[in-house]
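Everything on this sheet refers to the single structure shown next.
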Amino acid sequence: MTGRLFIISGSSGVGKGTLIKELLKKTDNLILSVSSTTRKPRLGEVHGINYFFVTKEEFENDIKKELFLEWAEFGGNKYGTNKKRVQEALLEGKNVLLEIEVQGAKQIKERMPEAITIFILPPTRDEIEKRLRGRGTETEEAIQKRLLAIEFESKESEQYDYKVVNDDIGRAVEEIFEIYKKHKG
Ligand code: 5GP
């Protein structure tokens with residue numbers, strides 16, 4: 001029996017990282033795939049745990065060697081899912097979780113339609129607007145930009161199997177956990 005591939009996407013700042021951390025605590029046969037990236041590590045990020053931090057040349061070589069299940073460019077950097085690790089884990093019967101952006105999710109879904117895709121959405125646009133304005137630290141321009149990004153993302157989310165609104169961490173984790181239990185291998 002093989003495992004199931006799960007994909008989680010969502011805008012930055014939506015709390016994906018926390019949701020995934022909580023989900024991993026609740027599951028015993030789900031592993032998070034570690035991607036390669038050309039991005040520089042942020043403070044506290046560890047090579048091999050958060051990402052495999054590689055040079056542009058190394059990344060290009062890995063593309064040529066077809067080592068990626070998918071890869072995409074995001075914010076000027078490249079990110080890719082390591083094919084061998086994912087395939088081996090699935091064959092061992094483990095369920096695998098990818099935390100990747102929309103272009104990568106699309107590539108995988110086309111090739112592996114059995115993969116389950118989940119998009120994490122922020123609470124409603126109105127709620128976000130209220131929060132941003134309430135904070136009082138954002139410029140009007142920044143608020144408008146953020147709201148526009150949310151509209152774009154909610155369009156992108158239409159290609160996903162599930163949409164989960166992160167209005168409350170505990171509730172959202174439960175919802176994702178239910179999806180996981182329903183589809184896990
Ligand atoms: P960050 O630089 O904030 O860690 O990640 C930026 C974006 O890249 C996030 O949306 C994240 O989900 C996405 N990402 C991380 N790893 C991969 C990957 O292997 N492939 C793709 N397509 N996107 C990734």
Side-chain angles (χ1 to χ4, degrees), residues 3-24 30-90 94-113 115-122 128 142 145-146 148-166 169 172-173 176 179-180:
R4 173 85 69 170
L5 189 62
F6 291 87
I7 298 177
I8 290 189
S9 303
S11 42
S12 69
V14 77
K16 261 176 309 179
T18 311
L19 292 178
I20 289 172
K21 219 163 79 191
E22 293 303 314
L23 178 71
L24 290 170
L30 177 66
I31 60 163
L32 180 63
S33 161
V34 181
S35 297
S36 292
T37 182
T38 60
R39 164 165 87 58
K40 295 278 166 287
R42 294 190 189 119
L43 199 68
E45 283 185 333
V46 179
H47 181 81
I49 293 191
N50 302 92
Y51 283 105
F52 294 102
F53 296 99
V54 300
T55 63
K56 286 180 184 153
E57 292 71 30
E58 285 169 323
F59 200 99
E60 291 307 319
N61 269 328
D62 287 355
I63 295 176
K64 279 195 204 115
K65 288 192 267 175
E66 298 184 4
L67 298 187
F68 294 127
L69 194 58
E70 62 72 38
W71 68 271
E73 200 155 341
F74 182 91
N77 294 300
K78 288 185 174 134
Y79 297 84
T81 303
N82 296 294
K83 196 196 285 179
K84 194 161 167 254
R85 279 196 191 80
V86 171
Q87 285 177 343
E88 279 175 2
L90 290 174
K94 291 185 183 121
N95 299 294
V96 179
L97 178 60
L98 308 181
E99 194 250 280
I100 62 177
E101 51 68 71
V102 290
Q103 306 165 69
K106 206 168 173 175
Q107 288 176 50
I108 293 191
K109 190 70 181 176
E110 275 164 13
R111 264 178 286 146
M112 305 171 74
I116 299 296
T117 56
I118 305 169
F119 197 94
I120 312 295
L121 284 165
I128 293 285
K145 221 167 140 182
R146 184 81 191 92
L148 209 69
I150 291 167
E151 262 164 50
F152 177 73
E153 281 154 7
S154 56
K155 280 207 192 86
E156 299 270 34
S157 75
E158 276 158 27
Q159 57 164 308
Y160 283 70
D161 297 317
Y162 294 95
K163 293 185 222 181
V164 174
V165 176
N166 191 14
I169 290 175
V173 171
I176 301 170
I179 297 168
Y180 171 74

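In listed order, ligands and their atoms are each counted from 1.
Closest non-hydrogen pair, I179 versus F6, comes out as O-CE2, 4.3 Å. Residues N82 and F52 come closest through the heavy atom pair ND2-CD1, 3.8 Å. The two atoms that bring I49 and V34 nearest to each other are O-CG2, 3.6 Å, heavy atoms only.
For K16, the salt bridge (charged side-chain N to carboxylate O under 4.0 Å, His left out) partners at least two apart in sequence or on another chain are E99. Taking the side chain to side chain donor-acceptor pair (under 3.5 Å) definition, one finds that N166 meets it with nothing, sequence neighbours left out. Under the side chain to side chain donor-acceptor pair (under 3.5 Å) criterion, Q103 pairs with E101, not counting sequence neighbours.
Residue-level contacts of ligand 1 at the 4.0 Å heavy-atom threshold are K16, S35, R39, R42, Y51, E70, A72, F74, Y79, G80, T81, E99, I100, E101, G104.
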